[in-house]
Amino acid sequence: MHIQSYQVGPKRRRQTRIAALCVGLAGFFSAQLAFAFNFEDVADQARSLSQESYSAPSSNLPDSLKQLDFKHYSDIQFKPDASLWRSEDLPFDIGFFHQGMRYDTPVKINQVDEGQVEPLTYSPDQFNFGDSGVDPSSLQDVDGYAGFRVNHKLTGNSKQEMMVFLGASYFRAIGGNQRYGSSGRGVAINTALSSGEEFPRFKEFWIAKPKKDDPYLVIYALLDSRSMTGAYRFVVRPGADTVVDVRSELFLRNSVEKIGIAPLTSMYLFSPAQPTSQVNYRPAIHDADGLAIQTANDNGEDQWQWRQLANPQRLNISDIPVDRLRGFGLLQSSHNFANYQDLNDRYELRPSLWIKPLENWGKGNVELVEIPTPDETNDNIVAYWKPDADLPVGEPINFNYRMVATRNEQRLKNPDLAWVDQTRRSVGETTQDNLVRKADGSTAYIVDFKGPNLKDLDANSGVSVEASAGDNGNIVDRQVLRNPVSDGFRVILKVTAKDASKPVEMNAFIKDGTGRRLSETWSMVQQPHD
C-alpha cells in the first residue's frame with residue numbers, strides 16, 4: 001500500500017501557525033499540535049465546496065476498463081494480502097475496488113492515523129486481473145479507486161467482507177450469517193421526477209485506523225453534487241446485527257424540489273403477494289418485501305404500518321404523512337429458505353435495513369417509489385424521509401440516524417402489537433353447492449398477523465378487522481380466522497375496483513371486542529390491470 005503523509009485541513013494549519021508564534025512555549029504546546037482529524041474538518045470542506053461552482057468528476061480510464069461488462073469487471077479482484085492493516089492484527093482491514101465499467105470516476109481514499117491524514121495510492125500491482133482482458137501494464141496513468149470494502153471477523157476466525165462503499169453515495173452493510181441485499185445511500189435528490197434524478201457521490205473518504213481492541217470503525221466522507229455538498233461520519237459496529245450510526249451535515253448550493261433523507265434502495269420482483277405470471281420454481285424473489293414505518297401519536301404511543309411492496313406495471317409513488325417519525329425500513333419479512341428455494345442467491349439471508357432518527361426530524365413524509373422491473377438485476381424500490389419544511393440554501397442542515405442490518409425484525413417491533421407475517425394474493429372464490437370453487441370476480445388478499453399479544457386469544461375473543469379500500473375500491477367480503485399454526489389471526493379481504501384503470505389503496509388492522517387495536521396497519525396498492 002503506497003502512503004503519502006500531509007497535515008490536516010486549513011483550520012488545523014491556522015491553529016498550528018498560531019501555536020508556532022509561542023516559541024517560548026513550544027515544548028508545552030507540542031502535544032497540542034497533533035490535532036485529531038474529525039467530523040468538523042469534513043464539514044469545513046463541505047461548506048467551502050458548496051460556495052464554489054460544481055465541477056463534475058472526470059475519468060481518465062482507458063477503453064479497456066470503460067467498456068467492461070459485469071462479468072469481466074468482476075474478474076478484477078483485489079489481492080487480500082494488499083489490504084490496508086492486514087498484517088497488523090487489527091479488528092478491521094480495508095480492501096479496494098478497481099475502477100471500470102460504470103464505476104469510471106476515481107474516489108480519493110485516505111487513512112487517519114495519530115492525527116495524520118495519509119492518502120492511499122492506487123497501484124495495478126494490488127489487483128489480480130484474471131480473465132478480464134485488461135493488461136495491467138497499460139494502467140500506469142489510472143488514478144484512484146472506485147470504492148472500498150471493510151473486512152471483519154463476523155463469524156469464525158477469518159475476516160470477511162461486511163461493508164462496502166461503491167458507486168455514487170451507495171453503501172451496504174451486513175451482520176453475521178447475512179448476505180447483501182438492500183442498500184443505503186447518502187442522500188436522494190429529485191427521485192422519480194420528470195426532470196431527472198440527481199445522484200450525489202462520495203468524492204473522498206477518510207478511514208480512521210482502529211486500535212486493537214476497538215469494536216467499531218469510523219469512516220468520514222465528503223459528498224458532492226450539482227445541488228448539494230455534505231459531510232458524513234459513519235460509526236460501524238459489526239455483529240450478529242450490524243449497526244451504523246450516521247451523522248450528516250448538508251449544504252445546498254441551490255434550492256431543490258425534492259430531497260430524500262436516509263434513502264434505502266432494494267429489489268422486489270415477485271412474491272405470493274404479487275405472483276409471477278411466468279412459471280418459476282421459486283415462490284419469491286426479493287431483497288425486501290415491505291416498507292415498515294414506526295410513528296408516535298399525540299400521546300407518544302407507537303403506531304406501526306406495513307406497506308406491502310409491489311413490482312408495478314408503471315411507476316408508483318406513495319407518500320405516507322408522518323408527524324413524528326420513530327423509524328422506517330425496507331424489511332425482509334421471512335428468513336425461511338422454503339419461501340424462496342434459491343440455493344444461489346439465498347434471499348432468506350438478506351437482512352432488513354432499519355432507519356432510526358437520532359433526533360426529532362419534524363413533520364414530513366416517508367416516500368416509497370416502486371419502479372417496474374422485468375428481472376432481479378435492477379434495484380426498483382426506493383424509500384426515504386422527505387421533510388415538509390423547506391431546507392435553507394447555504395446553511396448547514398443536520399440529519400443524524402442509526403441504520404441497523406438485521407434478520408431479527410422482531411427486535412424492532414412493539415411486542416404489544418401484532419405484525420404482518422405474510423401477504424398472499426389470490427383470485428376471489430365462492431364454493432358452490434357441489435363443493436367446486438368458482439371465481440367470483442374479486443381479488444382476495446390473505447394477510448396473516450402474528451405476535452405475542454395474539455397467543456392467548458381464541459376464536460371467541462371478539463377479534464375483528466377494520467378495513468378500507470379507498471375511493472376506488474369495494475370490499476365485498478371480509479373474514480377474520482384464528483390461525484392455530486402461527487398462534488395468530490388471518491384476515492381475508494375480497495376487493496373489487498370501481499375503475500380497473502386506477503389503483504386501489506387498501507388498509508386493514510385487527511382489533512378486539514372493545515375496539516382496542518391489536519396489530520400494525522397492513523396496507524397495499526392494487527395496481528391498475530394488475
Side-chain angles (χ1 to χ4, degrees), residues 1 74-98 109 111 113 120 126-128 130 145-166 170-184 205 207-219 234-246 266-267 286-288 329-354 402-412:
M1 185 63 59
S74 300
D75 285 331
I76 304 177
Q77 294 291 317
F78 185 75
K79 297 176 181 177
D81 289 345
S83 296
L84 183 65
W85 314 322
R86 175 59 64 96
S87 62
E88 299 185 53
D89 193 28
L90 298 179
F92 301 89
D93 64 55
I94 308 297
F96 301 90
F97 291 97
H98 205 285
I109 304 174
Q111 76 160 321
D113 183 14
L120 305 177
Q126 300 163 351
F127 293 86
N128 288 315
Y145 303 101
F148 66 94
R149 55 168 60 91
V150 178
N151 304 312
H152 178 77
K153 293 179 182 178
L154 283 174
T155 57
N157 295 320
S158 61
K159 291 192 178 88
Q160 57 191 279
E161 181 183 303
M162 53 76 54
M163 191 170 189
V164 165
F165 288 85
L166 180 64
Y170 286 85
F171 58 95
R172 287 178 163 183
I174 55 173
N177 297 312
Q178 298 175 8
R179 285 199 182 183
Y180 289 127
S182 301
S183 302
F205 291 93
I207 309 171
K209 185 175 181 178
K211 294 181 171 56
K212 286 193 175 184
D213 57 350
D214 280 348
Y216 58 85
L217 181 70
V218 180
I219 301 167
F234 302 88
V235 180
V236 184
R237 294 180 174 85
D241 293 340
T242 287
V243 176
V244 182
D245 284 337
V246 182
S266 193
M267 180 276 295
H286 51 70
D287 292 335
L330 293 175
L331 271 54
Q332 187 79 313
S333 65
S334 172
H335 298 287
N336 186 340
F337 172 78
N339 291 333
Y340 305 97
Q341 293 291 335
D342 195 315
L343 290 173
N344 294 318
D345 291 326
R346 301 299 300 273
Y347 290 103
E348 81 280 4
L349 300 180
R350 311 294 172 103
S352 298
L353 292 187
W354 181 254
R402 172 168 293 172
M403 186 181 84
V404 180
T406 182
R407 290 171 56 202
N408 180 19
E409 291 74 18
Q410 279 62 60
R411 62 165 286 185
L412 308 172

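Positions are given from 1, in the same order as the sequence printed here.
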Checklist entry - With a 4.5 Å limit on heavy-atom distance, are the side chains of M403 and F234 in contact? => result no
Item to check | Parallel, tilted or perpendicular: ring planes of Y340 versus Y347, cut at 30 and 60 degrees | outcome: tilted
Checklist entry - Is the count of non-hydrogen atoms from other residues, nucleotides or ligands lying under 6.0 Å from N408 atom CG greater than 12? => result yes
Checklist entry - Take atom OH in Y216; do more than 12 heavy atoms of anything else shown fall under 6.0 Å from it? => result no
Item to check | Heavy-atom pair with the smallest gap, counting every atom of L154 and P238 | outcome: CD2-CB, 3.8 Å
Checklist entry - What distance separates D89 CG from K212 NZ, expressed to the nearest 0.5 Å? => result 5.0 Å
Checklist entry - What distance do S183 atom OG and L353 atom CG have between them, rounded to the nearest 0.5 Å? => result 7.5 Å
Next on the checklist: Using only atom types and a distance under 3.5 Å, with no angle test, would you say the side chain of Q332 pairs donor to acceptor with the backbone of L349?
Outcome noted: no
Checklist entry - Given side chains that start at C-beta, do those of I219 and F165 come closer than 4.5 Å, heavy atoms only? => result yes
Item to check | Partners passing salt bridge (Lys or Arg N to Asp or Glu O under 4.0 Å) against D241 (at least two apart in sequence or in another chain) | outcome: R411
Item to check | Considering all heavy atoms, the nearest E161-I174 contact | outcome: O-CD1, 3.8 Å
Checklist entry - Do M162 and V236 come within less than 4.5 Å of each other through their side chains, counting heavy atoms only? => result yes
Item to check | Derivation and outcome, side-chain contact (heavy atoms from CB on, under 4.5 Å), residues K209 and L90 | outcome: CA-CA 9 Å; K209 185 175 181 178; L90 298 179; 3.8 Å; yes
Checklist entry - Hey, are the side chains of R237 and V244 touching, using non-hydrogen atoms and a 4.5 Å cut-off? => result no
Next on the checklist: If you define the side chain from C-beta out and look only at heavy atoms, does anything of D287 sit under 4.5 Å from L330?
Outcome noted: no
Next on the checklist: Minimum heavy-atom separation for S334 and N336, please, with both atom names.
Outcome noted: OG-N, 3.2 Å
Checklist outcome for this item: Heavy-atom nearest pair, F92 first then D214, reads CE1-O, 4.0 Å
Item to check | Student check: side-chain heavy atoms of H98 and F78 closer than 4.5 Å | outcome: no
Checklist entry - What orientation do F205 and F148 show, parallel under 30°, tilted 30 to 60°, or perpendicular over 60°? => result perpendicular
Checklist entry - Which atom pair, heavy atoms only, marks the closest approach of P351 to G181? => result CD-N, 4.4 Å
Checklist entry - For the atom pair CG (L166) and CZ (R172), what is the distance rounded to the nearest 0.5 Å? => result 9.5 Å
Checklist outcome for this item: Value for CG (L217) from NE2 (H152), rounded to nearest 0.5 Å, stands at 10.0 Å
Next on the checklist: Strictly by salt bridge (Lys or Arg N to Asp or Glu O under 4.0 Å), give each pair with a member in residues 334-344 just once, sequence neighbours left out.
Outcome noted: R282-D342
Item to check | Inter-residue atom distance S352.OG - Q178.CD, 0.5 Å rounding | outcome: 9.0 Å
Item to check | Side chain to side chain, E348 and R346, heavy atoms closer than 4.5 Å | outcome: yes
Next on the checklist: Between F337 and L343, is there a side-chain heavy-atom distance shorter than 4.5 Å?
Outcome noted: yes
Item to check | Taking every non-hydrogen atom, the tightest pair across N151 and K159 | outcome: O-CD, 3.9 Å
Checklist entry - Hey, what do you get for CE (M163) to CZ (R149), rounding to the nearest 0.5 Å? => result 14.0 Å
